[in-house]
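Report on the following structure.
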2 protein chains.
Amino acid sequence: MAAAAGVSITTVSDALNGKGRLPDATRRHVREVANRLGYRPSAAARTLRTGRSGLIGLTVTTYGEEPFTFTEFAYFAEMARAATSAALARGYALVILPASSRHDVWSNVALDGTVVIDPSDHDPVVADLVRQGIPVVSDGRPAGNLPVHAWVDNDHEQAVLGILEHLADSGARRIGLLTGTSTDTYTRLSTTAYLNWCERVGQEPVYESYPAHDPCAGAVAADRLLARPDRPDAVYGLFDPNGTDLLAAARRYGLRVPEDLLLVCCSERAAYATTEPPISTLSLKPGRIGTAVVQLLIDAIEGVGAGRPVAQVMPTDLIVRASSQRRPPRTTVSPPRSPDDD
Amino acid sequence: MAAAAGVSITTVSDALNGKGRLPDATRRHVREVANRLGYRPSAAARTLRTGRSGLIGLTVTTYGEEPFTFTEFAYFAEMARAATSAALARGYALVILPASSRHDVWSNVALDGTVVIDPSDHDPVVADLVRQGIPVVSDGRPAGNLPVHAWVDNDHEQAVLGILEHLADSGARRIGLLTGTSTDTYTRLSTTAYLNWCERVGQEPVYESYPAHDPCAGAVAADRLLARPDRPDAVYGLFDPNGTDLLAAARRYGLRVPEDLLLVCCSERAAYATTEPPISTLSLKPGRIGTAVVQLLIDAIEGVGAGRPVAQVMPTDLIVRASSQRRPPRTTVSPPRSPDDD
DNA sequence: GCGATGTGCAGTGACGTTTCTGCATATGCG
DNA sequence: CGCATATGCAGAAACGTCACTGCACATCGC
């Protein structure tokens, strides 16, 4: 390349990177030759020299051997889409690397930093990365005292309070909760927010827990909740399939939704807009999370505002549909998405 | 590192890579020290030296500025999941790189090869990659004469024939088609397969086309199709939202599904299993495609069986539900997915 | 006309691997 | 014992880039 342009290697580098003291004529000439030859500077060499690869990892903790869990699909897909966009806009590319990947794959790729989704307590991969000095930002409050550089999470307490108030506004007298048995922060924060609210307004808590990763257990728990003598007249389900599970259970007990039972669940599924009746959902806005997480990570990589707030709590969106309103909505409550709303 | 273990750089390299002539004692010693120091060989240096990065690109042609199109979500998510798995199993990691990415991002990452999903005619990115000698395998027959090294696609003709026969078996007398106006191979192959079938069995074709990327146009076209004087008594919709669109249109015209109208559409949406009635779908099995595409790509990268068949046509799966059967199925026609079925 | 300052490049040394070559010391065989 | 062969490791070159340093030559002010 240098030979083809009749200049030195240094000049090529300077011309292409806009550095050094070169007259525009030389710069143009070098670029023109590079273009004609289809020449691309070697990414590997640049990475070796500069210590920057322009790659950031997108890691999801897996519970099986498959890269992503099925229940996370809609959330993950949207989050990954937004993260990819945000990264590209800042000149980085995303590498999908499940935490369970073979070790040789992890060490074979030079990452400038990593996003971890929902890291489990003392995740060995995260610990290892941090030890190498690689910035790690997590989606979800890090459990245990995982030494991540920053994290982004939804305001789960506020979300639950919002839903409970909405249900109460719609006329609910006794609100039930369908929750999980595991101790992750999402479940824990949401459940205590519910319990606190109950105590504050003087309602006896009515809830059922089940292992959230078991798809069948959810239907059983939904059934159990509606079979109780102190049956709730409104239910919030913490997990994605709870909407259909609760709807099915309600049908079995001859309960009409929303007349006899108000329903909300936390999910990103578009399908809940077209169920009979449409089910109100709490959206965690994965797009917003993905964007925020990547921004924080790249800031950390580039040393922008080091030492600034490393925790970011994002609001959620309650999408009110027929299932949680005693009267049909007067106006469109969930307007069509605007392009940059998430 | 070499100093810490009291050996030469060469010995470290050999010990870690299982090469050279070293007694097990030395090998173990070096590995133990490396472990203690948390030493990881530099991926960048290795890539520079060997010319292999262990990275493969996953490119999706975009029609807006967002990395993936919304309608491709379910397909893409599943395909990406499978592709990631397959790549990892062979020691590679996947980089998500939309074709519309800034040029500097593309040239900043060293790829061993790329998977392109649904490349458009004469895609400049693909042409560029091929010129650099980087293997490219496409999901979907390459349009134009895009010089990809291999491709994988569904057997669209066979799929359409299977659906038409199934509908005819269910008692359809006049089968309609909801198709697209664009000229991509999927639309073209499916439509001509339909027209050929019509000619063969002596049915007058009944179809409506619309621009597939326009979410609203689909509902209008569905309506148009059912409003025709020669209204079909069965419809196959080529695109993901056609199921709900057709169902809504049928309801407007007071047509019962499946009694008055049989319905099938091509989609990966799980939600079609729970509509009222459940809608039969054609699954393209994106998981199988993703796996195949990655295998082909890595074979090309590693020079395995160079010059072997570079085109692979995969079967589709017709998932028969209530919408396309005049009588309810006797047995479960769509069994629960087995773990490695896709 | 002569130092001081600026301009336009070329040379060079890392970055951290891998791979090839090479040199000792041990081991085998007749 | 002496020569061929094996074994155990070290040295050095190269991969392609970037960031220095350095060297010519031009320009300028006086």
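Letters A, B, ... are given to chains in the order of the sequence lines, protein chains preceding strands, and every chain is numbered from 1. Because the structure is a prediction, the values reported are computed rather than measured. Only this structure's heavy atoms are used, side chains among them; waters, hydrogens and symmetry mates stay out.
- Between C/dC23, C/dT17, C/dT7, one nucleotide has an atom nearer to the side chain of A/Arg21 than all others, and that is C/dT7.
- For the pair B/Leu48 CG and C/dT18 C1', the interatomic distance rounds to 10 Å; values are reported in whole Å.
- Between A/Lys19 and the phosphate of D/dA19, there is a side-chain N or O to OP1/OP2 separation shorter than 4.0 Å.
- Salt bridge annotation for B/Arg28-B/Glu32: absent, with no cationic side-chain nitrogen under 4.0 angstrom from a carboxylate oxygen.
- Residue B/Val7 is classed as a sugar-phosphate contact, given heavy-atom separations below 4.0 Å to backbone atoms only.
- Summary of the strand contacts: A/Arg40 and B/Asp14 both lie near DNA chain D, and taking for each the nucleotide with the nearest heavy atom, the more 5' one is attributed to B/Asp14.
- In the set D/dC18, C/dT19, C/dG8, the nucleotide with an atom closest to the side chain of B/Ser13 is C/dT19.
- Atom CG in A/Asn17 sits roughly 15 Å away from atom C1' in D/dC20 (whole-Å rounding).
- The side chain of B/Arg46 lies closest to C/dT17 when the candidates are D/dC18, C/dT17, D/dA10.
- Summarising the geometry, the separation between CG on A/Asn108 and P on C/dG16 is reported as 17 Å, rounded to the nearest angstrom.
- Salt-bridge formation is not detected for the pair B/Glu268/B/Lys285: no Lys NZ or Arg NE/NH1/NH2 atom is positioned less than 4.0 Å from an Asp or Glu carboxylate oxygen.
- Between B/Ser8 and D/dA10 there is a side-chain polar atom (N or O) within less than 4.0 angstrom of OP1 or OP2.
- Counting only heavy atoms from C-beta outward, the side chains of B/Leu55 and B/Tyr92 never approach each other to under 4.5 Å.
- A salt bridge between B/Arg21 and B/Asp14 is absent, with no side-chain N of the basic residue lying under 4.0 Å from a carboxylate O of the acidic one.
- Between the CZ atom of B/Arg49 and the C1' atom of C/dT18 there is a distance of 4 Å, rounded to whole Å.
- If you measure from atom NE2 of B/His29 to atom C1' of D/dC9, you get 14 Å, rounded to the nearest angstrom.
- Whole-Å rounding puts the B/Leu16 CG to C/dG16 P distance at 16 Å.
- Heavy atoms only, all atoms of each residue included: B/Gly287 and B/Ala82 are closest at O-CB, 3.2 Å.
- Heavy atoms of B/Thr26 sit under 4.0 angstrom from primed sugar atoms or phosphate atoms, though from no base atom.
- Side-chain proximity of B/Ile9 to C/dT17, D/dA19, C/dC9: nearest is C/dT17.
- Between A/Pro23 and B/Thr10, the residue whose closest nucleotide on DNA chain C is further toward the 5' end is A/Pro23.
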